[in-house]
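A short worksheet on the structure shown next.
Letters go in sequence order (proteins before strands), and every chain restarts at 1.
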Amino acid sequence: MKIAADVDTCQGLGMCEAMAPDFFEVGEDGYVDVLDAAPAEEHRKHVMAAVAACPVSALRLAG
Amino acid sequence: MPHRLVVVGASLAGLRAVEGARSAGYQGEISLVGEELWAPYDRTSLAKAYLTEQNAEMVTLISDRELRDDLGVDLHLGERAQGLDLAARDVVTDRTRIRYDALVIATGATPRQLPGTEGLRGVSTLRTLDDARDVRTAMDAGARVIIIGAGFIGSEVASAAHKRGLSVTLIEAMPTPLSRSVGPAVGEMLTDLHREAGTAVRLGVGVEQVLHANGQVTGVRLADGSVVEADLVVAGLGVTPATGWLGAAVDLHRDGGIVCDASLATSVPGIWAAGDVAHAPQALFDGELMRLEHWTNAAEQGSLAGRNAVSRQEPELLDSVPYFWSDWYGHRVQFVGTPGADEVLLVGPPGPGAIALYRRGNRVVGALTVDRQRVVMKLRRRIADAGDWDEAVTFARELDVLAVTR
């Protein structure tokens, strides 16, 4: 499972951080930092919730 | 599982209901009824990029083709729901009847119009793509702009007009804007963002008359007798739940919203509601019944209602912290939790960089930030955990040293 974040699309709204704070954080520049781009399978539910919650669809999950 | 799910309302909550049902493994029929002609699009962008950026197009959330082919939806766009026949289990539209086994109501809300302005050119609300097109066309022509109602929508439109270099006046009947949304002190603080940008703000004064000539608005006369001239008047007077079509089919709240339980079930078995129409008890805030008009609420409730509508298991219950954001003059305003508080404490500077915390008893129940994208979700976690007030204040003071984002 691999997380891809489109920082040009990101608006820094933080829903990903709300859903999965171990994997996403709004960084100093106000846009998403992916803290761990290759989460272990056991975290799939939270990471998927974060990807789905993005108001501007800036996150993708592969694998 | 039901044989046919009908979702009435084809905006964000309705779309998420469809997606939620499919993600739960539901393979039956789904019909989606929407009054507007378009597949679901992002309303939040209408007052932002759509008004300010050259050639900005509406932000579609999904295409007609994807709805039909990928989600297997029987689409009824440009079709208005007019009633429910509970005995027959039919949704009655202006074209047909659609039988349901399970129904999700996500018809949203309708903006309040300025009285006596029907048919007048240059007067608009901002809810739909058609509204936004009208407002944008007037702004393109260099309109002098009046916004009536200094809430979040009104403030975003004011900000967009200002960004285009247009003359803009914001008029609010209440002495302090946004009191209900964020409390009076924070409402006053946010209003300073308008003043600092140079937008004229008139508070505590109502509109007595909308002036017009030859069917085109020319300005407004205020209760104090003064006249402000304008070519475009945008009303941001709030919304009412779009439930008139339901009659007395389901139990309604006194504001017209639909009363739901924590699983978003209405008073009628098999009928669910989601988004701007739904009053639902918030477990985090002592079961308080809330009707929220936020993007995140529509997304989360839509998905939950869709899943519950097709499930045969125990329904899932709402479990989220209300959250909204608004962009003014390049500043990001964010709010998490509830403004219903015993005390509001400002940590950090007023204006850009502000962190306001909301206390109920000894708990932190809300937080508002300006240009603090790094901070707000960390406060949200405290609110979700019903965190101790003193600890939250200490935490916020520590966060205050983090850089302001813009």
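One finds the CZ atom of B:Arg374 at 8.0 Å from the CG atom of A:Asp33 (value rounded to the nearest 0.5 Å). Taken from CE in A:Met19 to OG in B:Ser320, the straight-line distance is 7.5 Å, to the nearest 0.5 Å. The CH2 atom of B:Trp325 lies 8.0 Å from the CE atom of A:Met15; values are rounded to the nearest 0.5 Å.
In this structure, B:Arg380 and A:Ala18 approach most closely via the heavy-atom pair NH1-CB, 3.4 Å. Between A:Gln11 and B:Arg332, the shortest heavy-atom contact is O-NH1, 2.8 Å.
For a residue to count as touching a neighbouring chain, one of its non-hydrogen atoms must lie under 4.5 Å from one of that chain's; by this rule B:Ser303 does not touch chain A. At a 4.5 Å heavy-atom cutoff, B:Glu19 makes no contact with chain A through either its backbone or its side chain. Contacts between A:Cys16 and chain B at a heavy-atom distance below 4.5 Å are absent for every atom of the residue.
Counting non-hydrogen atoms of other residues, nucleotides and ligands closer than 6.0 Å to CE of A:Met48 gives a total of 12 or fewer. The local environment of CG in B:Asp64 is crowded, with over 12 non-hydrogen atoms from other residues, nucleotides or ligands closer than 6.0 Å. Within 6.0 Å of the CD atom in B:Glu314, the count of heavy atoms belonging to other residues, nucleotides or ligands does not exceed 12. The local environment of NE2 in A:His46 is sparse, with at most 12 non-hydrogen atoms from other residues, nucleotides or ligands closer than 6.0 Å. Sparse packing is recorded around CZ of A:Arg60, with 12 or fewer heavy atoms of other residues, nucleotides or ligands lying under 6.0 Å away.
The shortest side-chain heavy-atom distance between A:Leu13 and B:Trp295 does not fall under the 4.5 Å cut-off. Side-chain contact between A:Pro21 and B:Met377: absent, with no pair of heavy atoms (C-beta onward) separated by less than 4.5 Å.
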